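Can you keep this structure in mind? I'll have questions shortly.
Note that the coordinates shown come from a computational prediction; the quantities given were computed from them, not determined experimentally. Counting convention: from 1, in listed order, for ligands and their atoms alike. In what follows, every heavy atom counts, from backbone to side chain, and hydrogens, waters and symmetry copies are set aside. In this chain, residues are counted from 1 in sequence order.
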Amino acid sequence: MIRAVDLFSFSLPLLRWLDPEDAHRLAIQGLKLLPVMRPKPDDPKLAVRAFGLNFPNPLGMAAGFDKNAEVPDSLLRLGFGFVEIGTVTPLPQDGNPRPRLFRLERDEGVINRMGFNNEGEKAVLRRLAARAHLGGIIGVNVGANKDSPDRVADYVRLIEAFAPLASYFTVNVSSPNTPGLRNMQQAHILDDLLAKVIDARERVRAKAGDSPVLLKIAPDLSLAELDEVVHVARSRRVDGMIVANTTVGRPTSLREPERAKEQGGLSGRPLFRLSTRMVAETYVRVEGAFLLIGVGGIDTGGAALTKIRAGASLVQLYSALVYKGVSLIDDIKNDLSATLLRTGRESLSEIVGADAATITAEDWPV
Ligand SMILES: Cc1cc2nc3c(=O)[nH]c(=O)nc-3n(C[C@H](O)[C@H](O)[C@H](O)COP(=O)(O)O)c2cc1C
C-alpha cells in the first residue's frame with residue numbers, strides 16, 4: 001500500500017517545476033492534508049537532552065519554512081525531532097515584492113529575500129494555542145517588524161506573548177532581508193537586546209514556565225565580531241545559539257553565478273562549508289557554557305554528522321528538502337543511527353565538537 005507520506009515524499013521534488021514560492025505554498029497545503037498517523041518511534045540513541053528539553057532526535061525543521069505555524073504537527077509526523085516556526089513579527093507583514101525566492105538548481109542552493117512575510121503575532125498565537133495539547137518541541141523564532149519604531153520592544157513583546165506556548169525562543173538578528181537587522185549583532189546593541197529579552201522571559205516565568213532563549217547568528221560575522229557576540233551571549237546567559245542563518249556572500253565555486261546575482265541570503269549546499277566553520281568557531285569560543293544548533297547546507301547523514309562533529313548538539317535543515325524531498329529526514333536519522341552502531345557509541349553527545357579544533361585550523365572556506 002502506498003502511504004500518504006511516501007506519496008508526499010515522491011511529489012515534493014516535482015514541485016521544482018513550479019515557481020519556487022508557489023511550490024512552497026503547495027507544499028504547505030499538502031502538509032495540511034497529511035493524515036494523522038503516529039510517526040515511527042526514533043532510535044533511543046538519537047535522543048538529545050538540550051536547553052532543558054528532551055529531543056527525540058537531533059534533526060529539526062529550520063525557521064522560515066513554516067513561518068505562520070500552519071503545519072508544525074505534520075512536520076513532526078514526518079520525523080523531525082523539533083520544528084522552529086517563524087520568523088514571527090508583532091504585526092502582520094507582506095515582505096518584499098515577488099519574485100523573492102530563487103533556486104540555484106545546479107548548486108542545490110536557494111536565494112531568498114522574503115523579508116519576514118508573516119501573519120503576525122495574533123494569528124500565529126491562535127494556531128499554536130489550538131495545538132498546544134499535542135506536545136512536541138516547537139520553537140518560536142522572533143523578529144522585528146521592518147517599520148518598527150522600537151525593534152527591541154518587538155522582541156520583548158513577542159517573548160511575553162509566546163512564552164506559554166514556545167518550547168524555546170530563537171532571537172533572530174541575522175536575517176539579511178530586513179534592512180539594518182543584522183546590525184543588532186553589534187555588541188552594545190546585542191547586549192541591550194539580550195538583557196531585555198532575558199528580563200522579559202524572567203518576568204513571565206512564574207506564569208508561563210521556563211522558555212530557553214537561543215540566539216541565531218549570521219555566518220558572515222568576522223571572527224572578531226564572533227568573539228564579541230559569544231562574549232555577550234555568555235554574559236547575558238542565553239541558553240544556546242543557532243549557527244547560522246543564510247549568507248550574503250557568494251562562494252566562488254557557484255555553478256549558477258548569474259542566478260547568484262539575485263539579492264538575498266544564500267542557503268543550501270553552497271552554505272555548508274562556511275556555516276560548518278562558523279559552528280566550529282562558535283563551539284571553541286563557547287567553551288561548553290551552552291549548546292549549539294548547527295544549520296546550513298545539511299543534505300545527507302554525513303553532512304549532519306560533520307556539523308555535529310564541528311560542535312552542534314542539534315541540527316536543522318530547510319533548503320535540502322527542496323532538492324531531496326522529505327525522505328531525507330529518515331535517511332539522515334538512519335545514517336546517524338548506523339554510525340552510532342558502527343562506532344559502538346551510546347549517544348551523539350559523545351562526538352559533539354570532536355572535530356572543532358581541526359576545522360578551525362583549516363583554510364577559510366571561500
Ligand atoms: C526561503 C527561506 C526562508 C527563510 N526564512 C527564515 C526566517 O524567517 N527566519 C530565520 O531565522 N531563518 C530563515 N531562513 C534560514 C534558515 O532557517 C536556515 O538558517 C538557512 O536556510 C540555512 O539552512 P539550509 O541550508 O538547510 O536551508 C530561511 C531560509 C529560506 C531558504
Kindly assign one of parallel, tilted or perpendicular to the pair F65 and Y318, based on the angle between their ring planes and the thresholds 30° and 60°.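 The arrangement is perpendicular - the two ring planes meet at more than 60°.
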At less than 4.0 angstrom from any non-hydrogen atom of L317, what atoms of ligand 1 do you find?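 What qualifies from ligand 1 is 26 (O).
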Working to the nearest 0.5 angstrom, can you tell me the gap between M114 CE and T246 OG1?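 It comes to 12.0 Å.
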Could you label the plane-to-plane angle of the Y168 and F55 rings as parallel, tilted or perpendicular, counting under 30° as parallel and over 60° as perpendicular?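 Tilted: the ring planes of Y168 and F55 meet at 30° to 60°.
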Can you list the atoms of ligand 1 that are under 4.0 Å from a heavy atom of L101?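 In order of numbering, the contacting atoms are 1 (C).
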Which residue, R203, R205, K207, forms the salt bridge (charged side-chain N to carboxylate O under 4.0 Å, His left out) with E160?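 The salt bridge (charged side-chain N to carboxylate O under 4.0 Å, His left out) with E160 is passed solely by R203 among R203, R205, K207.
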Please report whether ligand 1 has a polar contact with L271, defined as an N or O pair separated by less than 3.5 Å (distance criterion only).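 In fact, backbone or side chain, L271 has no N or O that close.
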Of the non-hydrogen atoms in L271 and N245, which two are nearest, and what is the gap between them?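 Looking at all heavy atoms of both residues, the closest pair is CD2-O, 3.7 Å.
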Tell me, please: is A320 in heavy-atom contact with ligand 1, that is, under 4.0 Å?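 A320: no contact with ligand 1 (<4.0 Å).
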Check whether any N or O atom of S319, backbone or side chain, sits under 3.5 Å from an N or O atom of ligand 1, and answer yes or no.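 By distance alone, the answer is yes.
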What heavy-atom pair brings R277 and D363 nearest, and what distance separates the two atoms?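 Between these two residues, the closest heavy atoms are NH1-O, 3.2 Å.
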Distance under 4.0 Å to a non-hydrogen atom of V295: what atoms of ligand 1 satisfy this?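 What qualifies from ligand 1 is 18 (C), 19 (O), 22 (C), 23 (O).
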Distance-only N or O hit between ligand 1 and A244, under 3.5 Å: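 Looking only at distances, the answer is yes, because the N/O contact criterion of under 3.5 Å is met.
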Does K67 reach ligand 1 with a nitrogen or oxygen that is under 3.5 Å from one of the ligand's nitrogen or oxygen atoms?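 Yes, K67 has an N/O under 3.5 Å of an N/O on ligand 1.
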Counting only heavy atoms closer than 4.0 Å, does ligand 1 sit against the backbone of N172, its side chain, both, or neither?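 Near ligand 1, N172 shows its side chain, while the N, CA, C and O stay back.
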Atom 31 (C) of ligand 1 - nearest protein heavy atom and its distance: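 Protein heavy atom at minimum distance: S267 OG, 3.5 Å.
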Below 4.0 Å from any atom of ligand 1, is there a heavy atom belonging to G296?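 Yes, G296 has a heavy atom closer than 4.0 Å to ligand 1.
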hydrophobic_cluster_shared for L348 and V279, side chain cutoff 4.5 Å: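 As far as the 4.5 Å side-chain criterion goes, L348 and V279 are connected within one cluster.
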More than 12 heavy atoms of other residues, nucleotides or ligands under 6.0 Å from NZ of K122: is that the case?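 No, the 6.0 Å shell around NZ holds no more than 12 heavy atoms from other groups.
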Within-cut-off N or O pair, T87 and ligand 1, under 3.5 Å: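 So ligand 1 has an N or O lying under 3.5 Å from an N or O of T87.
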May I ask you to check if ligand 1 and A63 share an N or O to N or O distance below 3.5 Å?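 For ligand 1, there is an N or O atom that lies under 3.5 Å from one belonging to A63.
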Give me the nearest non-hydrogen protein atom to atom 6 (C) of ligand 1 as residue plus atom name, then the distance to 0.1 Å.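 So the nearest neighbour among protein heavy atoms is G64 CA, 3.4 Å.
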Do any N or O atoms from the side chain of D154 and from the backbone of T89 form a donor-acceptor pair under 3.5 angstrom?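 No, the answer is negative, given that no donor and acceptor are paired below the 3.5 Å cut-off.
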So, N141 side chain and G64 main chain: donor-acceptor pair closer than 3.5 Å or not?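 No, the answer is negative, given that no donor and acceptor are paired below the 3.5 Å cut-off.
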Part of K216 with heavy atoms under 4.0 Å of ligand 1, whether side chain, backbone, both or neither: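 The answer is the side chain of K216.
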Looking at G297, which atoms of ligand 1 are within less than 4.0 Å of one of its heavy atoms?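 Counting atoms of ligand 1 from 1, those under 4.0 Å from G297 are 24 (P), 25 (O), 26 (O).
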What do you reckon, does G268 have a nitrogen or oxygen under 3.5 Å from a nitrogen or oxygen of ligand 1?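 By distance alone, the answer is yes.
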Answer side chain, backbone, both or neither: which part of N112 comes under 4.0 Å from ligand 1, heavy atoms only.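 It is the side chain that gets close, since no backbone atom is under 4.0 Å.
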Is the side chain of R250 donor-acceptor paired with the backbone N or O of P257 at a distance under 3.5 Å, no angle test?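 Such a contact is absent between R250 side chain and P257 backbone.
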Taking L91's backbone N and O only, do any of them form a donor-acceptor pair with N145's side chain (distance below 3.5 Å, no angle check)?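 Such a contact is found between N145 side chain and L91 backbone.
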If we set the cut-off at 4.0 Å for heavy atoms, which region of T170 has an atom near ligand 1: side chain, backbone, both, or neither?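 No part of T170 is near ligand 1 at this cut-off.
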